[in-house]
Structures are given as C-alpha cells and as structure tokens.
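Worksheet: the structure to be examined is printed underneath.
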Amino acid sequence: MPVPLSVPEFRGIETELSRLRYGDIPIGWTLSDQVVIDFFWGNGDWRRLTKWLNQARRVRHRLLPRRTAAGTALPDLSDGVLVTWLGSTPRIDGMMLPIVEELGGDRCAVIMGDKTTISGLAPEVPVIDGGRGPDYCVADWRKQYGMNRPGWAEDLKSLCLRYELPAGAFEALSLGLLASSQRIERFSQFLREHRPSVVLTEYDRNHLWSCLVLAARHLRIATVTLVHGVIPPTGVGFAPALADRIICWGEADKNILLSAGERAEKIVVGGCPRLTRGLPDSSAAREKLDLAPEAQVALLATSPDRGYLQLAELFCSTLEGMTGFTGIVRLHPAEDRACYAEVARRHPGVRFMENAEATLDEALAVADVVVVRGSGVGSDALTKRRPVVVLEPGSGSASHGTELVKRAGCPLACTAEELSEIVRRLVSDATFRESLRSSAEHYVNGFCAAFGQDAARRIVETVEGLAGQRVEPR
C-alpha cells in the first residue's frame, strides 16, 4: 500500500498538473479531486488488473469517444443562473433547495450529476441530466486532444517518477485527462447554446463541475462555488478555488482559505443554508431507528479518508465494552457497509448505519455523544449543541477534528480507555458538559455566519452581483 502524500507533496503535484493545457484551458485542475482521493487520502486502486483496464479504457474512449443522447430542452438562460447538483443527497438538497427557492424557478435551471430526482424541487425549475445535453464535434476534439496528448504523457511520466507514485498512476491520470477533455468540449457547447449569466456550483473541484467551471471561465461566464462541507485546516481540495468567487460558511473558513493561498477578493462569507440550530423530536427519531428510550447512544460519523478502518475498529471495540451504551457508526455518503464488512463482522454489537437510513438531524437527535475525526458531522453536532469527542488513534493528522480540539475545546481521545472515560463523563457529568459548551458556542459563531434561508439570501446576493459580468479566462 503506497504511503499517502504529504501536504507539500500534494501541493507540488497540484501545481505541476495545473500547467497542463487543453488548448487554452488549464485542464490539469480537473484532476484535483482524483489526486486527493487516490494519492492524498491513499484510497487509489493500484492493482495490476486496474492498470490494464485503465489502459484499455483510454484506447476505447479515444477510438470511440463518449457521446451523449439528446437532452431535455432548456429555455434561454442569458439572464438566469445555471445551478449544479452532483446528486440528490440530504446534505446537497439541504444546501441547494433554499438557494433555488430564493432565486425563483423562473431564474435558474439545474444540471444534475446523476439521474436521480430531486425531492422538493419546484416543478417549474428546468432540470437536465449532466450526462446528456449538446454533443460536441468529435473531429475538433480529436485534433485538440492529439495536439496535447504527447506533452501530457511526457509531463505525467516525469511527475510520477519524481514523486514516486505507484505503478498505475500514469494510466489513471491519463484516463482522467482524456475524460476531462471530452467533458470540457461537451460543457463548452452546452454553455454556448444556453449562455447562463452565472454558473453556481456546490463544489468546483469534482470531476464534473471542474470541467464545467473551466469551460465557463474560458467563455467569460461568471462562476461561483459554494463550500459543500468542512474545509480541512490545510485547505486541501478547496483552495485555490477554480470559480471566480468562493462562498464559505464563516470567518474560520475564510482564514483557512487565506492561509492556503486563496486571494481575499475571491472569498465571500455567506453561511450555510443546510445548517440550522434546532433538532427534531428525539423520541420520534429513536422510534424510527428502533432504539430504546433509555439507551445511551454514542454515534461515530465516518469519512473516507486515510485510517478510516482503524478509527471504526477502535470505536467499536470501545463501545462493545461499555455497559448501557449503544454504539452506532453512521457512514459517509460516499461509503457503504461493504467498506466496513470485516469490522462489522468482528463487532456485531455495534450498528452500522448507511447515510440514507436517517437524516443527519435524526441521527444527531438520538446521539448523546458524537465521535468524529475528520467528518464535518462534528461541526454540525456542535451547531446543534451536541457534545463532540475527537477520536484520533494515530499519531495525529491535520483533520477537521484537529480544529475542533483547538478551536472548540472538544475533548481528544487517542485510546479506547480515553474514549470510554470521556463518553461516560459527558453523559453523566452535567458540570463537565456545561464547561465545554461556552467554547463550543464561540466556535460555532466563527464557523457559520448565517443559517437556513438567511444564508441562501446572502448567497443569492453574491450571485446576482456577478450576473452578466465578463470575467477573465483562467
């Protein structure tokens, strides 16, 4: 298993990739999310079979480029906003629905990253599947791709050698560039046809919307990105933003972005429409999750970063040894039970709950204590006035949990004994809980400047301020 990249190594790779061009477009930025997941988190698939499959996929998509079926007809968007929606999940829906409501259904259209239906979206809002829409001229793509591919190959091979990336990294990155070049062509054609005044995305660094944002900037269409989750202390994966503006949640986010090198004039503090301070009725949530009214619940919120299995193993072994407590592991939206099959088999007394089984508010409503390391659920829990423990079984990392310990005063546990003691004390000692509340409230004030519809209004004000502006290509 290759050693995950350090922050300086990641930044070096990201900078070198940013120099790769598809025509005039810096296509290397579209690989940022792939580099975070595969190399920085260490979750890449480096089996020999995968390397061969990636080689075959490159040949296939070069000879038979990705094409799109006819998409849904959209109205002219010259005075409107194109809103991206990667997938209909509780977190994304909770963030984007208030914004669309504030914009109004006649002033925006939604482009989806998958084919799911968005629950709660007004019927008058046009929706298009991001995998459909205008096709692109394959001859033009072949010509441009053929001109750029030899230079990409030379640069990628050199990069892989200098950073000692695992065997198969060249094939994975090369396939990513090929796919991005075709998406850029398709999104460019889409934008030429519909000409929105602004593109608003929930995250400008994923494999789809990075291509859309770069295509929009090339056509001098204004772009705005939201912060879809907590920003790690390093800013990795968020800074520098590809869009013209990045709307973050609070001053804490702004400071991280500035420290990571983002320009101050690009940053807007707008709050988070998904967040509120209240929770649903705990008894109803317990009934839905089939939990006894008297059960003391410790909830671990996972995230698919490095060391996730070690984290789950420590939590489960601790909770199984605590009489009177129920342990629940709530999985990140990008995970499923298969990721934790072996841990769950060893610890049948702990419940593993997929993300869609209950809303985050329902999960927090039943939790007496919330345990996290890198998950943004920790900040959510503090916003909802739930006690949080940061569990860091390794040698320490620059995770979101690090910020919760430093800025919010959350107790830190590194061993099973420490976790058990802190959880018991939080449940039984009201004085201890109260001593942590003041620091938590101070943190929340800096973490999120506005909530719900108030945040949506702030975001729309920024979007409307950019509408129709002719931006400089990146």
Side-chain angles (χ1 to χ4, degrees), residues 4-41 43-44 54-55 57-58 61-62 65-66 136 140-166 168-188 191 199 201 203-219 223 225 234-244 246 260-263 266 471-474:
L5 295 174
S6 66
V7 173
E9 288 171 332
F10 170 83
R11 290 297 187 196
I13 290 174
E14 188 177 52
T15 298
E16 293 194 36
L17 288 175
S18 72
R19 301 187 185 115
L20 303 181
R21 316 291 288 193
Y22 178 71
D24 294 330
I25 297 174
I27 192 172
W29 284 118
T30 67
L31 299 181
S32 292
D33 209 32
Q34 182 180 356
V35 176
V36 169
I37 295 168
D38 288 355
F39 304 109
F40 186 71
W41 288 354
N43 292 340
N54 285 338
Q55 290 176 334
R57 291 176 182 125
R58 272 199 298 148
H61 290 303
R62 188 179 177 192
R66 292 180 183 273
Y136 56 93
D140 289 347
W141 169 78
R142 285 192 193 281
K143 179 180 178 181
Q144 189 63 62
Y145 178 74
M147 291 171 59
N148 294 132
R149 186 177 64 86
W152 295 348
E154 182 178 341
D155 290 342
L156 287 180
K157 287 177 181 177
S158 174
L159 182 147
C160 290
L161 285 173
R162 281 184 289 106
Y163 286 93
E164 299 181 340
L165 299 183
F170 172 80
E171 288 74 17
L173 293 172
S174 297
L175 178 62
L177 287 174
L178 185 151
S180 291
S181 67
Q182 294 175 355
R183 291 189 192 103
I184 286 172
E185 288 286 352
R186 179 159 51 84
F187 285 138
S188 295
L191 293 169
V199 173
T201 178
Y203 183 45
D204 65 346
R205 301 295 290 273
N206 69 56
H207 66 289
L208 287 180
W209 309 143
S210 58
C211 298
L212 176 64
V213 167
L214 290 176
R217 294 208 55 170
H218 185 66
L219 295 171
T223 55
T225 185
T234 59
V236 165
F238 290 86
L242 302 184
D244 301 296
I246 177 169
E262 189 58 272
R263 302 198 316 271
K266 285 181 59 175
V471 301
E472 290 301 317
R474 188 177 181 96

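- Side-chain contact check for L175 versus E171: every heavy-atom pair is 4.5 Å or farther apart.
- I246 approaches A241 most closely through the heavy-atom pair CB-CB, 4.0 Å.
- Taking the ring centroids of Y203 and F238, they lie under the 6.0 Å cut-off.
- Closest approach of R57 and N54 over heavy atoms only: NH1-OD1, 2.8 Å.
- For the residue pair S32 and R205, the shortest heavy atom distance occurs at OG-NH2, 2.9 Å.
- A 4.5 Å side-chain heavy-atom check between T15 and R19 finds at least one atom pair inside the cut-off.
- Contact record, C160 with L173: SG-CD1, 4.4 Å, taken as the closest heavy-atom pair.
- E14 is listed as a side-chain neighbour of P240, based on a closest heavy-atom distance under 4.5 Å.
- Here I184 contributes atom CD1 and H218 contributes atom NE2; the two are 9.5 Å apart, rounded to the nearest 0.5 Å.
- Under the 30°/60° scheme for interplanar angles, the aromatic rings of W141 and Y136 are found to stand perpendicular.
- Side-chain atoms of R142 come within 3.5 Å of backbone atoms of R62 as a donor-acceptor pair (strictly under, hydrogens ignored).
- The CG atom of L214 lies 8.5 Å from the CG atom of D204; values are rounded to the nearest 0.5 Å.
- Scanning all heavy atoms of the two residues, the minimum distance from Q34 to G176 falls at OE1-CA, 4.0 Å.
- T223 OG1 to L212 CG: the interatomic distance, rounded to the nearest 0.5 Å, is 9.0 Å.
- Proximity of F10 to V36: side-chain heavy atoms (C-beta onward) are separated by under 4.5 Å at one or more points.
- Side-chain atoms of S181 and Y22, non-hydrogen and from C-beta on, do get closer than 4.5 Å to each other.
- Looking at F40 and V7, their side chains come closer than 4.5 Å, going by heavy atoms from C-beta outward.
- Counting heavy atoms from C-beta outward, L161 and E164 have side chains that stay 4.5 Å or more apart.
- Between atom CG of residue L178 and atom CZ of residue R183 there is a gap of 9.5 Å, rounded to the nearest 0.5 Å.
- Between Y145 and W152, the ring planes lie perpendicular to each other; the angle is over 60°, past the 30° to 60° tilted range.
- Side chains of L156 and L17 form a contact here, defined as non-hydrogen atoms less than 4.5 Å apart.
- The CG atom of L242 sits 8.5 Å away from the CZ atom of R217 when rounded to the nearest 0.5 Å.
- Taking CD1 of I27 as the reference point, atom OG of S18 lies at 13.0 Å (rounded to 0.5 Å).
- A pairwise comparison of heavy atoms in F187 and A215 identifies CB-CB, 4.2 Å as the closest pair.
- Between the side chains of Q144 and N148, at least one donor N or O lies within less than 3.5 Å of an accepting N or O.
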